[in-house]
Amino acid sequence: MPEWPRRVLVTGGAGFIGSHLCARLVDEGAHVIALDNLLTGRVANVAPLLGHQRFTFLHYDVTQYLHVDGELDAILHFASPASPADFERLPIQILKVGSLGTHKVLGLAKAKHARLLLASTSECYGDPEVNPQPEAYWGNVNPIGIRGVYDEAKRFAEAMAMAYHRHHGVDVRIARIFNTFGPRMQVDDGRAIPNFFRQAIRGEDVTLYGDGSQTRSFCYVDDMVEGILRLLRSSYVGPVNIGNPNELSLREMAEKVVALCGGNSRIVSRPLPPDDPKVRRPDISLARRVLGGWEPQVKVEEGLARTHAYFASELARLAIDP
Ligand code: UDP
């Protein structure tokens, strides 16, 4: 069992990746304080941890003045809506949590002498002109486009984390997280994998945006959590790509999901949203090198099978208790 961190704050602790991190850290023996304003997170994601003596849940907005009693070894800043559907629904909240929220957690990290791990994103690369994307690529982002609210908030967050590191000596880690999937994604969150499963399990048309030739590289959540915790415990300061280098087109992904769900759905075309990246694949050479040979272990088929089981039970539950 790792000895460190002993006491850790996870912002966005009731979110998709945040709640998996909380569960894993509690399991490893840490005291975990999960903070979430429940804008896109859900208490159900941390329900198994409620009542555990080493777990505390705080319903709180990280953009407000932040006070946490006692010592903290580490802060994992995972609060933020992250689905492109949210970019149009919650633009101001996204900008605020990436800027004001990151400022608050960096101030707290400085006061507590805690290490701060920032959940950054492959969106820092925008619609990339380089594929795969290494950390040294500065990106191709439209600052005023609909995705700009998320991309620029996270780019600002990275800039602020590095400024606190250089100016105040705060110990920072930056994870550039690529597409991730698995249990606890919300069925209606609007991203490709939840949409495809919801539609295919119900036998409805599966909506493919554009011609489906755009690519993504999907990482199963357990591999993501392992990469993030290795980064937290590493000595590397600066952005590290964490994701699965296995790239496939969205049409291929839609076909896999439809086949897994019984093959009753048609794949139908819908307009491609503006600024939708045409390709995305992480170069994980740096992660392999500084995270002790880390690389994804779960094959996409295996990850999809586990995710299918989750969405099937979640949709059955929602049918009884919407
Ligand atoms: N997409 C799609 N159908 C959907 C939802 C998304 O074809 O119902 C596409 C979307 O246009 C993008 C890709 O799937 O090209 C991945 O989208 P997602 O929302 O999962 O996240 P992104 O990687 O764009 O941040």
Side-chain angles (χ1 to χ4, degrees), residues 15-17 40 78 80-91 94 98 119-128 131-133 139-142 145-155 175-221 224 241-258 260-261 265-282 300 303-304 307 310-311 315:
F16 167 43
I17 299 180
T40 54
F78 276 71
S80 180
S83 166
D86 294 332
F87 302 170
E88 287 178 271
R89 203 169 59 90
L90 305 166
I94 290 171
S120 186
T121 170
S122 55
E123 284 287 322
C124 287
Y125 303 121
D127 188 5
N131 196 41
Q133 295 83 52
N140 178 37
V141 171
N142 173 4
I146 50 170
R147 298 179 86 98
V149 295
Y150 185 68
D151 303 11
E152 296 296 6
K154 291 291 189 182
R155 287 163 67 103
R176 286 202 182 138
I177 297 173
F178 282 65
N179 292 67
T180 305
F181 71 103
R184 301 202 189 135
M185 294 188 99
Q186 291 192 52
V187 292
D188 59 354
D189 104 345
R191 279 182 276 202
I193 300 252
N195 277 3
F196 293 170
F197 273 112
R198 189 190 66 246
Q199 294 159 341
I201 289 170
R202 290 180 173 159
E204 296 167 359
D205 289 349
V206 165
T207 54
L208 189 59
Y209 300 165
D211 64 5
S213 64
Q214 70 272 33
T215 67
R216 296 293 186 271
S217 309
F218 292 95
C219 184
Y220 188 65
V221 66
M224 178 56 60
N241 289 339
I242 305 187
N244 193 322
N246 177 15
E247 182 179 12
L248 72 178
S249 74
L250 264 294
R251 178 171 294 281
E252 287 173 275
M253 182 49 100
E255 285 167 354
K256 281 184 194 296
V257 173
V258 169
L260 200 58
C261 298
S265 293
R266 287 183 314 157
I267 295 177
V268 298
S269 185
R270 293 282 178 274
L272 189 67
D275 299 331
D276 198 283
K278 285 179 273 306
V279 291
R280 183 182 289 156
R281 171 154 77 104
V300 73
L304 286 176
T307 307
Y310 159 75
F311 278 116
L315 286 166

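Just so you know, ligand 1 is whichever comes first in the structure, and atom 1 is the first atom listed for that ligand. Residue numbers count from 1 along this sequence.
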Q) How long is the gap from CZ on Phe87 to CG on Asp151, to the nearest 0.5 Å? A) 6.5 Å

Give me the residue, atom name and distance of the protein heavy atom closest to [atom].
| atom | answer |
| --- | --- |
| atom 7 (O) of ligand 1 | Tyr209 N, 2.7 Å |
| atom 13 (C) of ligand 1 | Leu250 CG, 3.6 Å |
| atom 11 (O) of ligand 1 | Asp276 OD2, 2.7 Å |
| atom 3 (N) of ligand 1 | Thr207 O, 2.7 Å |
| atom 20 (O) of ligand 1 | Ala192 N, 2.9 Å |
| atom 16 (C) of ligand 1 | Arg216 NE, 3.7 Å |

Q: Report, in ascending order of atom number, the atoms of ligand 1 lying under 4.0 Å from any heavy atom of Leu208.
A: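 This gives 7 (O) as the contact atoms.
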
Q) Which atoms from ligand 1 have a heavy atom of Glu123 less than 4.0 Å away? A)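 This gives 25 (O) as the contact atoms.
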
**Q.** Asn246 side chain near Phe218 side chain, heavy-atom distance below 4.5 Å
**A.**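 Counting from C-beta outward, Asn246 and Phe218 never come under 4.5 Å.
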
Q) Taking NZ, NE, NH1 and NH2 as the nitrogens, is one of them in Asp276 or Arg216 under 4.0 Å from a carboxylate oxygen of the other? A)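 The answer is yes: the pair qualifies as a salt bridge.
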
**Q.** Salt bridge flag under 4.0 Å for residues Arg147 and Glu123
**A.** yes

Is a side-chain N or O of [X] found less than 3.5 angstrom from the main chain of [Y], in a donor-acceptor match?
| X | Y | result |
| --- | --- | --- |
| Thr121 | Arg176 | no |
| Ser217 | Arg280 | yes |
| Arg155 | Cys124 | yes |
| Ser265 | Glu204 | yes |

Quick check: does [X] get an N/O under 3.5 Å from an N/O on ligand 1?
| X | value |
| --- | --- |
| Gly190 | no |
| Asn195 | yes |
| Arg147 | yes |

Q) Applying a 4.0 Å heavy-atom criterion (strictly less than), which segment of Asn179 is in contact with ligand 1: side chain, backbone, both, or neither? A)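 Near ligand 1, Asn179 shows its side chain, while the N, CA, C and O stay back.
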
Q: Mind checking whether Gln214 contacts ligand 1 via backbone (N, CA, C, O), side chain (CB onward), both or neither, at a 4.0 Å heavy-atom cut-off?
A: side chain

Looking at ligand 1, is there an atom of it that comes within less than 4.0 Å of some heavy atom belonging to [X]?
| X | result |
| --- | --- |
| Arg270 | no |
| Ser83 | no |
| Arg280 | yes |

Q.
Let's go through Thr40 and Gln186 carefully: what are the C-alpha distance in whole Å and the side-chain angles of both, what is the deciding distance for side chain to side chain donor-acceptor pair (under 3.5 Å) to 0.1 Å, and is it a yes or a no?
A. CA-CA 9 Å; Thr40 54; Gln186 291 192 52; 5.5 Å; no

Q) Can Ser122 and Gln133 be counted as having a side-chain donor-acceptor contact under 3.5 angstrom? A) no

